[in-house]
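Read through the structure below, which is laid out as structure tokens, and then see the notes.
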Amino acid sequence: MRWSRLHIPTLRDDPAEAEVVSHKLLLRAGYVRQLSAGLYCYLYLAKRSLHKVEQIVREEMDRIGAQEIYTPELHPAEIWKESGRWDAIGGDMFRLKDRWGREHCLGMTEEEVVTFIARGELRSYKQLPQIWYQIQAKFRDEPRPKSGLMRVRRFTMKDSYTFDMDKAGLDAAYDRHHAAYCRIFDRCGLQYLPVEAHSGPMGGSESCEFMVPSPAGEDWIVECPESGYRANLEKAVTEPRPPEAPDPCGDAGPEEFPTPGRKTIEEVAAFDGQPASSHIKSLLMVAGNRPLMVLLRGDDQLNELKLAQRLEGELARPAHPEEIRGCLGAGAGYIGPVGADGLELLADSALEGRRNMVAGANKDGFHLRGVTPGRDFTAGYSDLREAREGDSDVESGSPVRCRKAIEVGHIFKLGDKYSKSMGLSVLNEQGRSVTPVMGSYGIGIERILTGAIEQGHDEAGMALPASIAPFEAVVTPVNVKNDAQRKVAEVLYDQMGRLGVDVLLDDRYERAGVKFKDADLIGIPYRVTVGRRVSDGLVELSERKTKRSENVTIGKLAAMLKRRIADAMPKAGAGGSA
RNA sequence: CGGGGCGUGGCGCAGUCUGGUAGCGCGCCUGCUUUGGGAGCAGGAAGUCGGGGGUUCGAAUCCCUCCGCCCCGACCA
């Protein structure tokens with residue numbers, strides 16, 4: 001392609017609305033333009049780059065025997081009602097009515113649609129297993145789109161779905177996807193980590209997220225370098241940190257003391273001199289219609305997903321102030337487990353074995369000291385707290401650390417949630433009707449590009465991996481008015497094109513500095529500079545990432561560059577783990 | 001949905017407090033010069049000051065209202 005004919009609207013200044021690096025660079029380098037909040041137009045460079053990502057994804061999906069299909073983005077409400085998700089999903093789903101008033105939605109994911117297809121087609125165990133995938137637009141009415149392409153309302157997803165006769169088949173399909181995803185992210189040149197994740201409303205038993213560590217990420221991952229444990233924060237299980245002060249001795253039992261006006265743990269801790277870790281945090285929650293009390297160490301936070309798990313999937317909400325007073329006769333700052341008769345008490349395991357702690361007295365203006373779990377109240381223990389940096393790893397006992405990351409992929413073992421609710425069954429070898437088990441596997445195409453930019457950039461702009469950069473090389477004649485330079489540039493451009501190099505010719509009538517800055521900004525991995533030295537039969541080859549350059553004989557350039565690019569191409573199995 | 005910020009030629013911004021003919025840098029167009037890291041000179045085009053309503057002799061500026069975008073939080077398949 002000839003740059004002079006392309007629309008690559010690079011900007012000299014950072015756009016005011018962009019905060020994160022990838023967002024700034026995507027705008028500055030002329031990859032994208034914003035249509036409205038969370039909606040982006042992909043210009044030529046973005047489209048080329050994303051197309052390369054999609055091709056890598058296709059190749060690796062095909063390699064595990066997946067079949068590419070396409071299903072509409074617009075879905076009738078009926079199938080979502082069958083699975084139960086029409087009601088289970090809240091405002092995140094775009095819903096609309098057609099002219100007859102029939103309800104529809106824009107697909108956020110496609111379990112219902114593929115199950116609809118499958119139940120109409122699959123009859124026999126002989127037809128299984130199946131792996132279907134597509135690369136297609138997904139819509140989510142995000143409450144707060146942000147960070148450029150990171151969190152948007154329309155994005156491109158590769159989503160695949162597997163159908164197997166049994167758990168063993170699903171396990172195999174899941175493992176093959178895991179391997180395919182590693183190959184994909186390796187080939188896209190990403191540093192990434194597979195982590196244990198929470199399945200959420202998607203359902204199912206097991207899930208794994210593929211995370212690209214980056215300060216711009218929105219998820220937290222918890223990891224132990226010692227044991228190799230890695231999990232999403234919302235799923236992570238750790239051993240609590242030791243309390244800041246040892247528990248006081250003695251068996252005196254709870255003793256009331258006045259704490260007027262001190263409601264928060266911090267205020268009471270500052271008042272009574274005991275650290276937060278010696279306090280019991282008491283939260284009144286409501287699950288369905290029944291109130292229950294959740295107990296945590298004063299310096300821990302409740303992980304609501306873990307609580308929901310403990311309640312067998314039921315979501316609990318914090319009680320309203322009137323409910324708290326009605327239930328316990330005191331305000332939120334003064335409630336506690338002692339004497340909270342009739343309430344179900346759920347305690348975090350960090351409280352097990354502790355003695356003589358401080359808790360609310362269920363009486364405004366008073367707390368209790370000397371509260372010992374198990375003696376002064378009876379609770380069921382389970383893991384309810386959010387993991388924190390510095391907690392101990394369950395296996396190795398070493399401290400865990402937390403990092404921010406971008407979720408680029410997520411794979412789920414769904415089980416029979418959709419096949420059962422939507423009536424998919426096949427006959428097995430014995431002629432009996434069996435419900436197949438399903439898996440579902442997603443990759444955010446744009447997030448791969450975003451992650452690659454976040455991980456590969458400098459002051460000058462993007463430094464993209466050769467596999468997903470919009471072009472592999474650019475040929476830059478320094479002075480287009482110089483016939484010799486222009487001619488050599490044209491020849492090299494032709495030669496490289498014939499060798500299959502994805503090359504761009506910067507034939508613009510611009511000064512050299514402008515061309516160099518633009519090439520650096522849009523992140524082309526190699527630049528061939530055709531300048532004064534052509535008279536000596538030499539051109540310059542420079543690498544974007546390392547900024548290294550060397551003089552090369554004109555006749556040898558094309559073949560040499562071809563080899564260079566092949567060597568630089570990120571490869572599967574190269575171990576892109578961060 | 002709560003809190004904060006912003007909206008002025010394509011981009012980045014000043015002007016708003018204290019009302020009085022809309023400005024700067026970059027970009028764009030034409031010409032000449034220049035040509036290895038965002039050139040110089042000369043000339044030029046381009047703005048319903050986010051929309052609507054009000055106050056005023058007069059509104060980018062003051063008041064009311066609506067809309068949009070960004071950030072923090074809530075939320076989040």
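A note on names: the letters A, B, ... follow the listed sequences, proteins ahead of strands, and every chain is numbered from 1.
- With distances taken from any side-chain atom of A:R12 to the nucleotides B:C26, B:C76, B:U35, the minimum falls on B:C26.
- Here the NE2 atom belonging to A:H75 is positioned 6.5 Å from the CH2 atom belonging to A:W80, to the nearest 0.5 angstrom.
- Neither side chain, A:D416 nor A:T435, offers a donor N or O lying under 3.5 Å from an acceptor on the other.
- Across all strands shown, B:G68 pairs with B:C6; the Watson-Crick or G-U wobble distances both stay below 3.5 Å.
- Between the side chains of A:E17 and A:H23, no donor-acceptor pair of N or O atoms lies under 3.5 Å.
- A:S49 and A:K47 share no side-chain donor-acceptor pair at under 3.5 Å.
- Nucleotides B:G15 and B:A60, compared at atom C1', are 8 Å apart to the nearest Å.
- When distances run from any side-chain atom of A:R527 to the nucleotides B:G12, B:G36, B:G37, the shortest one goes to B:G37.
- As judged by a 4.0 angstrom heavy-atom cut-off over every strand, A:R28 is placed among the base-contacting residues.
- Exactly one residue among A:K417, A:R119, A:R85 makes a salt bridge (charged side-chain N to carboxylate O under 4.0 Å, His left out) with A:E112. That residue is A:R85.
- B:U16 is unpaired under the Watson-Crick or G-U wobble criterion, no partner having all donor-acceptor distances under 3.5 Å.
- Comparing B:G38, B:U35, B:G25 by their nearest atom to the side chain of A:L521 picks out B:G38.
- Within residues 510-517 of chain A, the residues that place at least one heavy atom under 4.0 Å from RNA chain B are, in residue-number order, A:R511, A:A512, A:G513, A:V514, A:F516, A:K517.
- Of the candidates B:C70, B:C71, B:G27, B:C71 carries the atom nearest the A:R144 side chain, counting heavy atoms from C-beta on.
- Distance check on atom C1': B:C24 versus B:G19 gives 22 Å, rounded to whole Å.
- When the C1' atom is compared between B:C28 and B:G9, the two are found 11 Å apart, to the nearest whole Å.
- Within a heavy-atom distance below 4.0 Å of RNA chain B, the residues of residues 34-44 of chain A found are A:Q34, A:S36, A:A37.
- B:C63 and B:A45 have their P atoms separated by 36 Å, given to the nearest Å.
- Within 4.0 Å (heavy atoms only), A:P9 reaches no atom of the nucleic acid at all.
- When the nucleotides B:A77, B:G12, B:C71 are ranked by their closest atom to the side chain of A:S147, B:C71 comes out on top.
- The base of B:G36 is not paired with the side chain of A:N479 by any donor and acceptor separated by under 3.5 Å.
- Distance NZ (A:K24) to P (B:C71): 11 Å, rounded to an integer number of Å.
- Within the cation-pi definition used here (under 6.0 Å to the ring centroid, within 45° of the axis), A:R48 qualifies as a partner of A:F471.
- As rounded to the nearest Å, B:U16 and B:G73 have C1' atoms that lie 30 Å from one another.
- Note on A:K306 versus A:D348: no salt bridge recorded, every NZ/NE/NH1/NH2 to OD/OE distance being 4.0 Å or above.
- Among the nucleotides B:G37, B:G38, B:U35, the one closest to the side chain of A:D520 is B:G37.
- Nucleic acid contact for A:D14: sugar-phosphate only, since backbone atoms but no base atoms lie under 4.0 Å from a heavy atom of the residue.
- If you check B:G38, B:A77, B:U34 against the side chain of A:K481, the one that comes closest is B:U34.
- Base pairing of B:C32: its partner is B:G40, meeting the Watson-Crick or G-U wobble criterion (both donor-acceptor distances under 3.5 Å).
- A 3.5 Å limit on both hydrogen-bonding distances identifies no Watson-Crick or G-U partner for B:U21.
- The CE-P distance, from A:M108 to B:C76, rounds to 11 Å in whole Å.
- Closest to the A:Y509 side chain, of the nucleotides B:U35, B:C71, B:A77, is B:U35.
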